[in-house]
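Worksheet for the structure shown next.
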Amino acid sequence: MSATEIRGRFDTASFDEDDSDVVVIVGSGPGGGTLAHELCERGIRCVVLEAGPHLTAEDYVQDEWEAFNQMAWLDPRTTSGSFRLAKDFPNLPAWTVKAVGGTATHWAGATPRFKAHEFKTASTYGEVDGASLLDWPISLEDLEPYYDRAEEKMGVTHKGGRPPLPANNNFKVMGNGAAELGYRHIATGPYATNSVPFDGRPATVQDGFNFQGDKQESKWSPLVSELPKAALTGNLDLRASSHVCQITHDARGRADGVLYVDEDGALHRQKARAVCVAGNAIETARLLLLSDSPLFPDGLANSSGQVGRNYMRHLTASVYGSFDKEVHMYRGETMAGVVADESRHDTDRGFAGGYYMQLISLGVPFMAAFVDPGGWGPDFTRIMDDYASTAGMWLVGEDMPQSTNRVTLDGGMTDAHGLPVPHVHFDDHQNDLAMREHAWTQGTKVYEAVGAKNVKRTPPYPSTHNIGTCRMSARPEDGVVNEWGQAHDVPNLFVSDGSQFTTGAAANPTLTIVALGIRQAEHIASEIGRGAL
Amino acid sequence: MATTETGTAATTLTSQASLALLKDVARAMFPHPSFPDAPYEHAVGTIVAAAEADLRVRAQLEQGLRDVDVVGGAPFADLDDAARLDVLRSIEGTAFFEHVRTRLVTGLYDQAPVWDLLGYQGPCPDGNGYLERGFDDLDWLPDPQIEDPAREEIVR
Ligand SMILES: Cc1cc2nc3c(=O)[nH]c(=O)nc-3n(C[C@H](O)[C@H](O)[C@H](O)COP(=O)(O)OP(=O)(O)OC[C@H]3O[C@@H](n4cnc5c(N)ncnc54)[C@H](O)[C@@H]3O)c2cc1C
């Protein structure tokens with residue numbers, strides 16, 4: 001690829017820090033990137049502040065630890081609670097990325113939609129002990145047109161006439177095992193990496209580095225799609241390496257700008273007509289909590305006390321099966337495969353909600369780190385010795401929201417800027433444990449159905465799905481934002497990422513974040529149009 | 001351990017004796033019969049080099065190495081595999097053990113020679129991925145469906 005063809009490398013306009021007409025967007029991932037693109041296309045000027053650097057395809061490395069250390073959000077976080085991550089990875093509760101394009105530079109591309117009942121969990125599941133279930137203020141019907149548009153933006157396979165990805169080796173094992181077991185809903189997508197050239201980006205070369213930056217740019221991310229398109233409008237000012245540390249407000253309690261620290265540690269103030277936060281659930285809640293003031297003593301937009309609460313991370317678990325014959329699971333698209341049969345809501349299984357089986361593979365360095373955290377000795381090395389003949393699946397399902405699972409500010413630890421780090425408390429809910437047990441058992445059966453010699457049940461990795469910390473609610477006392485992601489307390493403050501999810505559904509979150517982003521942009525544009533913002 | 005000429009050599013982490021002992025510990029902790037010593041030596045060298053900059057870690061490593069030489073009733077080097085494993089089990093959870101284990105789990109497996117030994121090919125040199133290099137060459141199972149004809153039943 002020649003240097004000029006790199007989609008992720010682009011320049012943007014530059015607006016004045018005193019220009020109070022701009023919309024400020026915090027974070028350049030799927031949430032912030034989508035919103036910026038949609039607003040810029042409508043002629044609304046946006047300043048996107050991104051804490052991480054502007055890296056592109058030529059900076060990316062195909063090496064698991066090197067890529068992780070180059071791009072992951074490594075500022076310390078602390079943990080507590082009964083979830084295993086507090087023991088296995090106490091300072092790394094989540095795997096998110098700090099770079100232009102956000103965590104979607106490291107995402108894989110699985111893009112299921114939410115189901116109708118997953119917007120109505122309180123009504124559908126009824127009273128679940130200890131769970132803070134709540135119906136979304138919107139329905140699947142409200143979101144469907146936006147799902148259609150999100151799938152077009154992202155070039156999702158199996159949709160819009162785009163062909164499915166071919167079956168890779170790892171999928172052949174899971175797909176056959178699932179069929180043997182009687183599962184029917186087996187496919188290689190929907191998946192947001194090009195199976196054929198689309199939107200000026202090439203088809204995948206199946207290099208297997210999908211949890212890393214994509215050197216081919218065949219995987220969708222805002223870096224290669226929404227942000228360069230927004231830049232072309234002339235309405236985008238993207239500032240990388242700019243960490244927002246406070247949202248400021250005027251005497252009436254309306255957001256009027258942000259304070260951010262640049263690369264050299266200098267503090268800037270950017271004025272704004274509206275502020276939209278898309279820092280990914282943990283950082284979004286942290287930023288609102290850091291933005292406390294005499295008018296908002298418990299943090300900005302937190303009169304409900306819900307900011308940071310109901311943190312969800314999805315069920316997550318994995319199963320790895322080893323066989324007599326070779327698999328080489330690392331070749332090809334990491335997550336291009338899904339078995340959807342268990343995604344239904346069916347309490348006969350002993351839990352509410354559902355889960356997906358999805359393909360996963362890790363290279364040797366990550367396999368060693370994550371397959372059996374804390375493991376050592378011959379039991380551990382046997383798994384590694386079988387690496388080339390191992391197949392992997394990831395189990396992702398709905399976890400129960402609990403108001404005590406929450407992000408707070410750590411009283412004892414600060415980051416490089418001197419800001420309190422986020423503390424993540426999480427206890428598994430009984431429903432989560434029952435679902436994980438079921439999923440591990442079914443996943444084991446899938447591999448045994450095609451002759452697995454050994455099967456390993458792997459506990460959760462650092463959370464790649466982080467949601468719920470500023471949830472949407474019809475009533476201001478139940479959540480932080482309304483159906484548009486607009487703060488109940490501060491009408492020109494928006495939450496534009498997975499923090500707004502009222503509940504988590506079984507599906508991976510990104511497609512829904514993008515769909516909500518398009519919908520939110522329409523609302524903001526119409527509010528600006530009628531002079532309300 | 002027998003007396004040494006200088007009196008300090010036996011407690012110096014970078015001594016040949018310490019490195020050899022730590023390598024034996026690494027092999028017992030992550031036993032791969034097919035691996036030569038080199039990857040273990042490399043991983044151990046990294047641990048020791050990093051410890052040079054951290055007095056506390058250094059002290060824990062030195063103490064830990066003394067411990068593994070006594071708790072089994074004989075020098076670690078003289079024990080068979082099963083006895084070595086017992087020694088490690090008896091010190092599991094100590095700062096020494098955890099330090100070495102966590103560093104090895106990353107350090108040992110983040111080496112290209114180890115990838116070769118385990119059959120992981122890593123990145124493809126020419127940017128062409130596995131498209132022409134066997135991403136779908138598994139032939140001991142039939143080709144599964146890649147589209148779900150009954151999708152509408154489950155998707156909403
Ligand atoms: C390995 C991996 C695989 C994944 N696979 C899938 C998948 O297959 N399907 C799926 O749906 N999802 C997947 N995900 C999750 C997906 O990446 C996220 O859902 C998505 O990126 C969230 O978008 P976001 O915009 O809300 O947050 P992010 O993408 O995390 O973007 C937030 C951005 O905000 C920046 N930021 C945070 N705080 C501040 C601040 N104070 N000031 C300035 N900037 C700030 C961050 O640096 C970051 O760039 C995966 C994630 C990982 C790690």
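So that the names make sense, note that chain A is the first sequence line, chain B the second, and so on, each numbered from 1. Everything quoted here is computed from the prediction, not taken from an experiment.
With contacts defined as side-chain heavy-atom distances shorter than 4.5 Å, the pair B:D110/A:D63 qualifies. The closest side-chain heavy-atom distance from B:Y109 to A:M367 is not below 4.5 Å.
Note on ring orientation: taking the six-membered ring where Trp is involved, the planes of B:W140 and A:F323 are tilted (angle from 30° to 60°).
Within the 3.5 Å criterion, the main-chain N or O of B:L138 finds a donor-acceptor partner in the side chain of A:N169. In this structure a side-chain-to-backbone donor-acceptor pair under 3.5 Å is present from B:Q145 to A:R184. Here the side chain of A:K215 pairs no donor or acceptor atom with the backbone of B:G127 at under 3.5 angstrom. A donor-acceptor distance shorter than 3.5 angstrom exists from the side chain of A:T381 to the backbone of B:P31, with no hydrogens or angles considered.
Salt-bridge annotation for B:D143 and A:K172: present, with a side-chain N of the basic residue lying under 4.0 Å from a carboxylate O of the acidic one. A salt bridge links A:R331 with B:D137: the closest approach of a Lys/Arg side-chain nitrogen to an acidic carboxylate oxygen falls below 4.0 angstrom.
Rounding to the nearest 0.5 Å places CH2 of A:W376 at 9.0 Å from CZ of B:F30. To the nearest 0.5 Å, the span separating OH on A:Y330 from OH on B:Y120 amounts to 8.5 Å. In this structure, CD1 on B:I146 lies 8.0 Å from CZ on A:F171, to the nearest 0.5 angstrom.
Among A:R113, A:E64, A:K159, the residue with the largest count of heavy-atom pairs under 4.5 Å with chain B is A:K159. For the set A:G175, A:P166, A:P164, the entry with the most heavy-atom pairs within less than 4.5 Å of chain B is A:P164. With respect to chain B, the highest number of heavy-atom pairs below 4.5 Å among A:V61, A:N168, A:T157, A:L165 belongs to A:N168. Between chain B and the options A:M329, A:Q62, A:K325, A:E66, the largest number of non-hydrogen pairs under 4.5 Å is found for A:K325. Chosen from A:A116, A:P373, A:P378, A:G208, the residue pairing most often with chain B at heavy-atom distances under 4.5 Å is A:P378. For the set A:P365, A:S389, A:A388, the count of heavy-atom pairs under 4.5 angstrom toward chain B peaks at A:P365. Among B:S34, B:G122, B:A28, B:P144, the residue with the largest count of heavy-atom pairs under 4.5 Å with chain A is B:P144.
Both the backbone and the side chain of B:L88 come within contact range of chain A, with heavy atoms under 4.5 Å apart. Residue B:E92 touches chain A through its side chain alone, counting heavy-atom pairs closer than 4.5 Å. Contacts of A:H185 with chain B are made by both backbone and side-chain atoms, with heavy-atom separations under 4.5 Å. Heavy atoms of A:I186 lying under 4.5 Å from chain B belong to its backbone as well as its side chain. Only the side chain of A:E144 comes within less than 4.5 Å of a heavy atom of chain B; its backbone N, CA, C and O stay farther away. If you measure heavy-atom distances from A:A368 to chain B, the contacts under 4.5 Å come from both the backbone and the side chain. Residue contact with chain B, scored on non-hydrogen atoms closer than 4.5 Å, involves the backbone of A:T204 exclusively.
The interface of residues 334-344 of chain A with chain B, defined by heavy-atom distances below 4.5 Å, comprises A:A340, A:D341, A:S343, A:R344. Within residues 147-156 of chain B, the residues that have a heavy atom under 4.5 Å from a heavy atom of chain A are B:E147, B:D148, B:A150, B:R151, B:E153, B:I154, B:V155, B:R156, listed by number.
For the salt bridge (Lys or Arg N to Asp or Glu O under 4.0 Å) test, residues two or more places apart in sequence or in another chain that qualify with B:D126 are B:R133. Every residue was checked against the side chain to side chain donor-acceptor pair (under 3.5 Å) condition with B:N128, not counting sequence neighbours, and none meets it.
For CD of A:E141, the number of neighbouring non-hydrogen atoms (other residues, nucleotides, ligands) closer than 6.0 Å is greater than 12. Heavy atoms of other residues, nucleotides or ligands lying less than 6.0 angstrom from CG of B:D81 number 12 at most.
When all heavy atoms are compared, the tightest approach of A:V364 to B:L118 is CG1-CD1, 3.9 Å.
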**Request:** List the steps, then state whether side-chain contact (heavy atoms from CB on, under 4.5 Å) holds for A:V205 with B:Y130.
**Result:** CA-CA 7 Å; A:V205 296; B:Y130 291 100; over 6 Å; no
